[in-house]
Amino acid sequence: MCSGSTVCEDPRVSGYDAGAWSDFSVGLAGAAAALTGLLFVAVSINLERIVRFPTLPRLAASTLTLFATVLVGALVILIPGQSAEALGLELLALGLAVGVPLVWAQTRPPRRIPETSLLDWLATRLAPAVLVPALTAVAGVGLLTTSLGGLYWFAAAAVVAVAAGLVGAWVLLVEIQR
């Protein structure tokens with residue numbers, strides 16, 4: 001409880017104030033950059049095995065795109081002094097720009113290797129390819145219209161992207177050795 005001359009701030013973070021998301025974005029950008037490095041190590045170590053399977057180069061590219069979406073999104077949130085509308089346009093453009101290649105990569109034949117079940121493919125490949133760009137675009141629209149929760153949607157996109165990216169990196173680093 002605040003009293004006297006102490007300035008009290010609302011404990012709730014606004015989904016429309018990029019400044020309130022700076023700590024989150026700094027942490028997210030660092031994590032995305034580190035995970036991108038892990039992905040490059042995984043691909044470098046297992047490049048010969050990866051290129052033997054028609055779906056694994058696409059998995060590598062999709063995982064890189066997921067991590068890049070998080071990294072770019074976090075960085076644009078950190079641009080100082082920009083309006084919510086500018087940030088909204090940037091996130092909307094980012095979602096649209098990554099959505100088409102991500103979905104295309106996961107839906108062109110062959111979509112999956114026979115050892116991967118349809119449910120696994122849907123959960124680990126197609127769902128993130130649809131959700132991350134869609135949630136990023138919704139965050140942009142929310143900022144533009146001051147509705148829908150704004151940046152909370154990008155936080156959800158980041159969680160999905162990091163989780164799916166970790167699965168992809170695991171496959172490319174460990175599971176490919178089996």
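What you see is a predicted model, and the numbers here were worked out from it, not measured in a lab.
In this structure, Q106 CD and S62 OG are separated by 4.0 Å, a value rounded to the nearest 0.5 Å. How far CD1 of I77 is from OG of S22: 10.0 Å, rounded to the nearest 0.5 Å. In this structure, CG in L38 is found 11.5 Å from CZ in F40, a value given to the nearest 0.5 Å. To the nearest 0.5 Å, atom CZ of residue R58 and atom OG1 of residue T63 are 12.5 Å apart. In this structure, the separation between CD1 on I176 and CD1 on I50 is 4.5 Å, given to the nearest 0.5 Å. Between the CG atom of L28 and the CG atom of D23 there is a distance of 12.0 Å, given to the nearest 0.5 Å.
Taking the side chain as every heavy atom from C-beta outward, L87 and L151 approach each other to under 4.5 Å. Side-chain contact between L135 and F154 is absent, with no heavy-atom pair separated by less than 4.5 Å. At a threshold of 4.5 Å between non-hydrogen side-chain atoms, the residues L66 and L102 count as touching. Side-chain contact between E90 and I79 is present, with heavy atoms from C-beta onward closer than 4.5 Å.
For the pairing with L59, the side-chain contact (heavy atoms from CB on, under 4.5 Å) check across T124, V167, V43, V171 returns one residue only, V171.
There is a path of hydrophobic side-chain contacts, each under 4.5 Å, that joins L64 to I45. One hydrophobic cluster holds both F24 and L91 under the rule that ILVMFWY side chains link at heavy-atom gaps under 4.5 Å. Linking ILVMFWY side-chain heavy atoms closer than 4.5 Å, directly or via other members, places V103 and L118 in a single hydrophobic cluster. Residues L56 and V41 share a single hydrophobic cluster, defined by chaining ILVMFWY side chains whose heavy atoms lie under 4.5 Å apart. In terms of hydrophobic clustering, with Ile, Leu, Val, Met, Phe, Trp and Tyr side chains grouped at heavy-atom distances under 4.5 Å, V141 and V72 are assigned to a common cluster.
Remark: aromatic rings of Y16 and W21 are distant, center separation not under 6.0 Å.
The shortest heavy-atom contact between L143 and G15 is CD2-O, 3.7 Å. Nearest heavy atoms, L75 versus A29: CD2-CB, 4.2 Å. The shortest non-hydrogen separation linking F53 to P57 is O-CD, 2.9 Å. In plain terms, the two heavy atoms of L172 and A60 that are nearest each other are CD1-CA, 3.6 Å. What you find for V98 and P101 is that their closest heavy atoms are O-CD, 3.4 Å. The two residues P110 and T55 come nearest to each other via the heavy atoms O-CG2, 3.3 Å.
Of the possible polar contacts, one joining the Q82 side chain to the V76 backbone as a donor-acceptor pair under 3.5 Å is found. With W121 contributing its side chain and T116 its backbone, the two residues share no donor-acceptor pair below 3.5 Å.
The neighbour count for Q177 CD, taken as heavy atoms of other residues, nucleotides or ligands under 6.0 Å away, is above 12.
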Inset, instruction - Under the side chain to side chain contact (heavy atoms under 4.5 Å, CB included) rule, what do L148 and W153 come out as? Steps first, then yes or no, please. - result: CA-CA 8 Å; L148 305 172; W153 290 103; 3.9 Å; yes

